[in-house]
Every structure is written in C-alpha cells, then in structure tokens.
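Down below is the structure, laid out as structure tokens.
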Amino acid sequence: RLSLGRRLRACVRASAAVAGMVVGDAANGWPAEKLFGVGAANGLTFDDVVFLPSLEAAPKPAGPAKFSSRFSKNIILKTPIVAGPGRTICEEQMAVQAALLGGIGIIHGDQSIEDQIAMIRRVKEFETAFILSPAVIGPRATVREAEKTMREAGCSSVLITDNGRVGSKLAGLITRRDLDSLSDSDKFEAVTKHMVIDVVTASEPVTFREAQAIMQKHKVGKLPVINSERELVALICRGDQRRVDEHPNATRDPNTQLIVGAAVSMGQDQAGFERAVALVEAGADAIVVLMDEGVSEATVDFVKRLKATFLTTDIVCARVSSMEMADALCKADCDGIMVGAPVGPRDAGGAGIADATCLFQVARLARMNYGIPVCAEGGVHSAGHAVKAALLGASTFAPRELLSRTAESPGEHVYQNGVRVKLRPVADRRPTAGSTPVMLGCQSVVDCGSLEELVEYLLQRVQAGFAALGLKGHADVHPSLASGALRLEVQRPCLPQDRGPPDQLERRRLVGSALFNRW
C-alpha cells in the first residue's frame, strides 16, 4: 500500500502527462488514423465526429459547385450522387433525372425481371442522340399501323425497311406531319404510297458533331444512319440533340445514352445470374450486387462469375459492412464498393455498423491496395454527413433518406394537414433469401422538392465544407487525410432526446417557415 505522499506525487505526475498529451497531440484535434485506425477501440458514426476548420479557409470557387468522381473503375460521374438501390428510392424517373444531373441511378430489383428490364430500356432511350432501336415497320404495313406505332413508341416518325427491322435496307421515312394531311380513307393504304423515299442519311462511322452538320446543311429533323449496304443502323433526331445540349453534365455512354445501373440479389443464386444477363442485354452499364446476406464463398464465386461473363460491364458490390467483406470482394475483382448497413434479416437483433469508422477503413483498404472507389451508401442523412463522408474517403455518396423524399422517387403525392407529403410503399423481406418482399402498407414523409434542388444544395454544402477546411477540391481530400493535415475531434454523442422522432425532426426543420405555419 502506497503512502499518502507517494500517491500524491503519482497523481501529480499523471496529471502532468495528461496535460502534456492534450497540449502536444490533441490541441488541434486528432488525425483520422488515431480515431478510425484498426487499433481504435470505439466505432464512430458521422454524428460522433467533427472536422476542425483550417486556420486559413480556401477561396470558394466562383460558379456552381462541380465534383468529378468515380462510381466504379470505368464509370466517372460529374456529380457524386448515387440514387439507389432501393424500392423507395430509384425507378426510371429517378434514374433519368440522376443521370441528367451528372450522377447515376440504380434500378431496384424488388420487382419482376420484365419490369426491371423495361425501366432500363426506357432510361437508355431517353433523350439519346443515337437511337439504336428506332420505331421501324415493313413496307406492307398500312398508314394506320404506322400511326399506331408512333403512338405506342411515343415518337413522331417511323422508318420503313425491307423486313420491318433494324439491320435491313432502308426504304423510306414517314412522319406525323405526313399523316396529318391524309384523309381517313388514305390511312388504310400501304405506307409506301405516302412515305418519303429520298431520305437524307449519314453513313457510319459518323460522330455526333458530323451528324449535326449534316442535319443543319439539309435542314432536316431526322437523320437515319446506314452502313455501306444501306442497312439501317440508328436514327438521330434534332429534338434529342437539343435536349442533349441542355444537359452538358449528364452521365452518358459513348452512344450518348444515359448511364444506368441495376440491382440484383446474391440470394437468388441462378435466378440472380439470369436476371443480371437479361439486364446487361437490356443496356445496364453497371450491375450492383446486394450483400444483404453477407459475404460467403458462394458470394465471391458469384461476383467472379459475373466479372468473367460481362467484360465491359462494371460489377459493384453494395451494402458492404466490414473490412473482411471488402477485402474478399476486392480480391474477386469487383469494380466498386458501396459501404452501408445490410437490409433484411441481418439488420435486426443488434447487427449494424459504425458508419464513419467502417467507411474510413474500407475506403483506405480499397483505394490503397486495389484502386477501387468507394460509395458511402449508409448513414448519410444530411448535408453535413455528405461532407464527412467525402472527407473520410468516399468518392460518391447515396443519401437514401433524402433521395426517398424527392419528387422523382417512387410514391404518390398528397396533402396532409396542409403539408405536401409523399406516400411511399413499405416492404419487409422474408427470412428466405431472394424472396419477394411483403408489402406492409404505406408511409407518409414530408416532400423535400425535386432532385435537382437537393443535388444543388448538397454540392454547395460540400463545397463550403471543403473551403472551411482549406481544401480547394475533392482531389485534395485523400492526400490531406493520409498525411494527417485534416484533424478531427470526437463530440458528445447525440442522445435519443436530442434526435427526436422523425415527425419531431420535421417540425424543427420547418419552424419559422410558411410550410410549418400552414402545418
């Protein structure tokens, strides 16, 4: 037993050591490695940490915020927004709008293969300069059949080929303007009597700028693209060209079609592989494999099989929740990782992740060892979370809750007590893997406006966060994080009474606004 004097001297020495540590090491926060490293004892969420501002803030760039980042090895986004995957987040309308704004949408797989394929095709055919599957009929079709084809395809012109298919010789062209001048009796005649035979065409290979010059020279609105044997290859429309110019930041493939991804579930096994094959044939640019059931040897083999089958389609693994899972999937040669908590049987019973710690560890592992970009899928519930996710190594982020409240997400809009709300379906997965979700009803959430407004707000906040930390752009984040220039502190965790229920949060957010007063 120590004497009183010795105990007092020990306490003084301990206090001095603690004071020296605080002044020397943590006077200006801690480096990320100290808080999130492998040896760290506590897992931290985005609410538990805060980045310390720089002594000298970087100048804020003039004009709108722009961030170019990678969603996967081969897909580069001008806006780091990923919509989906989730049945309450992304269908065709959300996927189209996300791609037009420079991001990417992931069509959810909680539906039949036919419905998912139809959504993929509608996204790929939206406002594309080169229409690879235009409306085509044969020479024996009547004018009424041509009119029906236009109405079903939602277009204003129909091409006539020898056998009524793309790839056969072009015979002529008929437009809605030609049909307007015909009487009812003429509509039962063959389309060859009223079609335009001398059609202005472009021969492949042709670039988008060359096609524009040809259409401007001949003052035509439709330009079929043919090969050396006069076989139809594609169609170019002036209206689509104008809309392409209106969205310079849109995420497009080499054929100027919007880029879109599709989700499949590993639990479906062979059915999941067949779904992936059908989705790629429909035009999906990325296949997102959901890891709700965890990563096993069968999961790794499934990813390897997809990579071996689809050489030009990126394979992204979603809902990865640990370094072990990420390492196994990276060794399977996946093209991207989405970090987030699983959805389904594993999300109950206390299973979960510390978002900030998991994101930092997985992003460092994937970036330094494999060169694979990481998307922050889980835990991003606000603009502040988006800033922290970008600073902790995420190339892109998918704010599920925010996206599900936009006008483009699935669901109907109604007014409840004077407030515009969205009714979105609520589903629950059965314990069996790959089973059809069970619908539990509808949930009403406050509508947050359009996706364009949300993306603009998030990018402005991320840009402001970078400037406050002395960073000029997204390219400076990883070097500053690795060198320890970015410093963090652990703040008091948010208590349940601080968070409040969702409806209480909405009331706090709307206090003082006209919307809250109407409520």
Side-chain angles (χ1 to χ4, degrees), residues 60-84 89-90 92-107 120 122-131 207-209 211-212 236-261 283-286 314 316 336 373 375-376 380 383 386-387 389-390 394-399 402-403 406-409 448-467 471-477:
K60 186 177 180 180
K66 295 182 180 180
F67 300 93
S68 180
S69 56
R70 289 193 303 160
F71 171 65
S72 61
K73 288 182 179 179
N74 303 306
I75 297 180
I76 300 177
L77 306 180
K78 295 183 179 179
T79 302
I81 298 293
V82 179
I89 301 174
C90 186
E92 57 180 294
Q93 186 178 3
M94 174 67 78
V96 167
Q97 189 63 19
L100 290 177
L101 295 175
I104 186 174
I106 311 298
I107 304 294
I120 293 292
R122 285 194 288 268
V123 174
K124 299 299 290 185
E125 295 173 359
F126 183 85
E127 294 183 2
T128 175
F130 290 89
I131 304 175
T207 63
F208 184 59
R209 294 185 178 274
Q212 284 182 316
I236 303 175
C237 298
R238 182 179 296 275
D240 289 337
Q241 286 184 350
R242 184 174 60 254
R243 286 186 285 269
V244 167
D245 296 336
E246 292 175 354
H247 300 93
N249 294 328
T251 310
R252 300 183 185 273
D253 60 13
N255 294 323
T256 70
Q257 293 179 319
L258 297 179
I259 285 182
V260 62
D285 300 281
D314 284 5
V316 180
C375 171
V380 181
V387 176
S395 299
T396 57
F397 48 87
L402 297 179
L403 292 173
T406 58
E408 290 80 4
S409 63
C448 292
S450 66
L451 178 64
E452 184 176 4
E453 295 173 346
L454 174 64
V455 170
E456 182 180 1
Y457 168 71
L458 289 177
L459 294 185
Q460 288 179 353
R461 299 311 304 163
V462 172
Q463 188 180 58
F466 285 177
L471 303 175
K472 296 181 180 180
H474 196 272
D476 299 336
V477 172

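Here, residue 1 is the first one in the sequence, and each next residue gets the next number. Since we're looking at a predicted model, the values are computed, not measured.
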Could you check if a side-chain atom of D476 sits within less than 4.5 angstrom of a side-chain atom of F466, using non-hydrogen atoms only?
-> no
Test side-chain contact (heavy atoms from CB on, under 4.5 Å) applied to F71 and I106, step by step = CA-CA 12 Å; F71 171 65; I106 311 298; 4.2 Å; yes
Gap separating the CG atom of L258 from the CG atom of D253, nearest 0.5 angstrom | 8.5 Å
Inspect the surroundings of CZ in R122 and state if more than 12 heavy atoms from other residues, nucleotides or ligands are less than 6.0 Å away.
-> yes
pair L402-T406: side-chain heavy atoms closer than 4.5 Å = no
Would a 4.5 Å heavy-atom cut-off, applied to side chains only, mark S68 and I76 as touching?
-> yes
If we only count heavy atoms from C-beta on, is the I131 to C237 side-chain gap below 4.5 Å?
-> yes
Correct closest heavy-atom pair for T79 and L101 would be OG1-O, 2.6 Å
Roughly how far apart are I104 CD1 and D285 CG, rounded to 0.5 Å?
-> 6.5 Å
At their closest point, which heavy atom of A398 faces which heavy atom of C375, and how far apart are they?
-> N-SG, 4.0 Å
Nearest-0.5 Å distance, CG of residue L459 to CG of residue L454 = 9.0 Å
Rounded distance (nearest 0.5 Å) linking atom CG of L451 with atom CD of Q93 | 10.0 Å
Working to the nearest 0.5 Å, report the span between CZ of R252 and NZ of K124.
-> 10.0 Å
What heavy-atom pair brings I75 and A286 nearest, and what distance separates the two atoms?
-> CD1-CB, 3.9 Å
T251 side chain vs G103 backbone, donor-acceptor pair below 3.5 Å = yes
Heavy atoms of A98 and A83 approach each other most closely as CB-CB, 4.2 Å
State, with a plain yes or no, whether a side-chain heavy atom of F397 is found less than 4.5 Å away from one of I81.
-> yes
Provide the closest heavy-atom pair for D314 versus K73 in the form atom of the first, atom of the second, distance.
-> OD2-N, 3.9 Å
Non-hydrogen side-chain atoms of L471 and Q463 separated by less than 4.5 Å | no
To the nearest 0.5 Å, atom CD1 of I259 lies from atom OG of S72 at 8.5 Å
What is the minimum heavy-atom distance between G84 and I89, and which atoms define it?
-> N-CG2, 3.5 Å
